[in-house]
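Following: one structure in structure tokens, then a few remarks.
Below, chains carry the letters A, B, ... as their sequence lines are ordered, and counting in each starts from 1.
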Amino acid sequence: MSEFIKGSALPQSFYHTPTLDLAEALIGKVLVHLTDNGILAGEIVETEAYLGIRDRAAHSFNNRRTKRTEIMYGAPGHIYMYQMHTHHLLNIVSGEEENPEAILIRAIEPVAGRALMEENRPVQKAINLTNGPGKLTKALGITMAYYGASLMKSNVFISNGGSENPAVQTGPRIGIPNTKEAKDYPYRFWLQDNPYVSR
DNA sequence: TCCGGGATTGTCT
DNA sequence: GACAATCCCGGAC
């Protein structure tokens, strides 16, 4: 297993990839958060792509450029955080500049710092620690403070070290019932048979 | 300024 | 399966 140090962050070039390809390529990579208390890391096992102005389910649908979505219009490889009810969700900005696309990280499998995660988010069943988009940000201690941060320069980043040649499955996205045709797009990707996949 | 809604989760039936 | 918690965002006025 590789050490999850800052220098292991995947380079900018990794993110210069069509969003659907990138959403699939992220399966099996490792999401890392370096903190003063230690390293928290988990293998990405579920993602969803949001394809910008033509995707009714995306926040940037119809080119809706606001303070919230502004980071989506920037260069890929940055963090788009936003609040959903009582939770904070982590997205990776994708698409070239002025092409506001993003990828939601929906689930991870812990690989380092599990004890720290359980301090951040106590659970009865181990499986519930990181098997959902709101759960994993809480467990990893990733907050709105990371909105706009670079995955090449901040303490949150993506590295190798997870499954190699993962078996990836695809299907419709979760939790977007009111988006007409977009709710059926097969823009969700997950690691086959992994127990941390949200559903 | 007001008001409706949401890329979720936990709890209860 | 239903629903509340809870709060920021975005559009309407």
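Aromatic ring centres of A:Tyr82 and A:His59 lie closer together than 6.0 Å.
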Next item on the list: Could you go through the side chain to side chain contact (heavy atoms under 4.5 Å, CB included) check for A:Asn91 and A:Ile79 one step at a time?
Entry: CA-CA 6 Å; A:Asn91 299 255; A:Ile79 293 173; over 6 Å; no
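Under the side-chain hydrogen bond (donor to acceptor under 3.5 Å, both in side chains) criterion, A:Asn120 pairs with no residue, sequence neighbours left out. Every residue meeting the salt bridge (charged side-chain N to carboxylate O under 4.0 Å, His left out) condition with A:Arg188, not counting sequence neighbours, appears here in chain and number order: A:Glu46.
Pairs of residues two or more places apart, or lying in two chains, that qualify as salt bridge (charged side-chain N to carboxylate O under 4.0 Å, His left out) and include a residue from residues 176-185 of chain A are A:Arg56-A:Glu181. Sequence neighbours left out, the pairs with a member in residues 64-89 of chain A that pass salt bridge (charged side-chain N to carboxylate O under 4.0 Å, His left out) are A:Arg65-A:Glu70, A:Arg65-A:Glu98. Residue pairs that meet the ring pair (Phe, Tyr, Trp, His ring centres under 6.0 Å) test with at least one member in residues 163-199 of chain A, sequence neighbours left out, are A:Tyr185-A:Tyr187. Screening residues 128-146 of chain A for salt bridge (charged side-chain N to carboxylate O under 4.0 Å, His left out), with sequence neighbours left out, gives no hits. Every pair passing side chain to side chain donor-acceptor pair (under 3.5 Å) that includes a residue from residues 140-152 of chain A is listed here, sequence neighbours excluded: A:His33-A:Tyr146.
In this structure, NZ of A:Lys125 is placed 16 Å from P of B:dT9, rounded to the nearest angstrom. Atom pair A:Leu90:CG and B:dT9:P shows a separation of 13 Å (rounding to whole Å applied). The distance from atom CG of A:Leu51 to atom P of B:dA7 is 15 Å, rounded to the nearest whole Å. A straight line from CZ of A:Arg56 to P of B:dG6 spans 13 Å, rounded to a whole angstrom. The distance between atom CG of A:Asp55 and atom P of B:dA7, rounded to the nearest whole Å, is 11 Å. Atom CG of A:Asn131 and atom P of B:dT8 are 13 Å apart (whole Å).
Shown for residues 181-199 of chain A: no residue has heavy atoms falling under 4.0 angstrom of DNA chain C. For the segment residues 133-143 of chain A, residues with any heavy atom less than 4.0 angstrom from an atom of DNA chain B are, sorted by number, A:Pro133, A:Gly134, A:Lys135.
Looking at A:Glu43 and A:Ser163, their side chains do bring a donor and an acceptor atom within 3.5 Å of each other.
Residues A:Leu129 and A:Arg114 come closest through the heavy atom pair CD2-NH1, 3.5 Å.
In this structure, A:Tyr15 and A:Ile158 have side chains that are in contact, with non-hydrogen atoms separated by less than 4.5 Å.
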Item checked: 5'-to-3' dot-bracket of DNA chain B (Watson-Crick, G-U; under 3.5 angstrom; crossing pairs as [ ]; | other strand) -> ||||||.|||||.
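Stacking of the aromatic ring of A:Tyr50 onto the base of B:dA7 is found: the ring centres lie under 5.5 Å apart and the planes are inclined by under 30°.
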Atom pairs under 3.5 Å, N or O on each side, protein against nucleotides 11-13 of chain B: can you list them with distances?
none

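Atom-to-atom distance recorded for A:Leu104:CG and A:Ile92:CD1 is 9.5 Å, nearest 0.5 angstrom. The distance from the CG atom of A:Asn131 to the CZ atom of A:Arg199 is 10.0 Å, given to the nearest 0.5 Å. Atom CG of A:Leu26 and atom CD1 of A:Ile108 lie 13.0 Å apart (nearest 0.5 Å).
Heavy atoms of A:Ile176 sit under 4.0 angstrom from primed sugar atoms or phosphate atoms, though from no base atom. Among the protein residues, A:Asn178 comes within range of the sugar-phosphate backbone only, with heavy atoms under 4.0 Å from sugar or phosphate atoms but none that close to a base.
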Next item on the list: Would you give a per-nucleotide map of nucleotides 5-13 of chain C, 5' to 3', where B means the base has a protein non-hydrogen atom under 4.0 Å away, S means only the sugar-phosphate does, and - means neither?
Entry: BBSSSSS--
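Projected onto DNA chain B by closest heavy-atom contact, A:Arg121 and A:Gly175 fall at different nucleotides, the more 5' of which corresponds to A:Gly175.
One finds no salt bridge joining A:Glu48 and A:Arg173 here, because no Lys/Arg side-chain nitrogen approaches an Asp/Glu carboxylate oxygen to under 4.0 Å.
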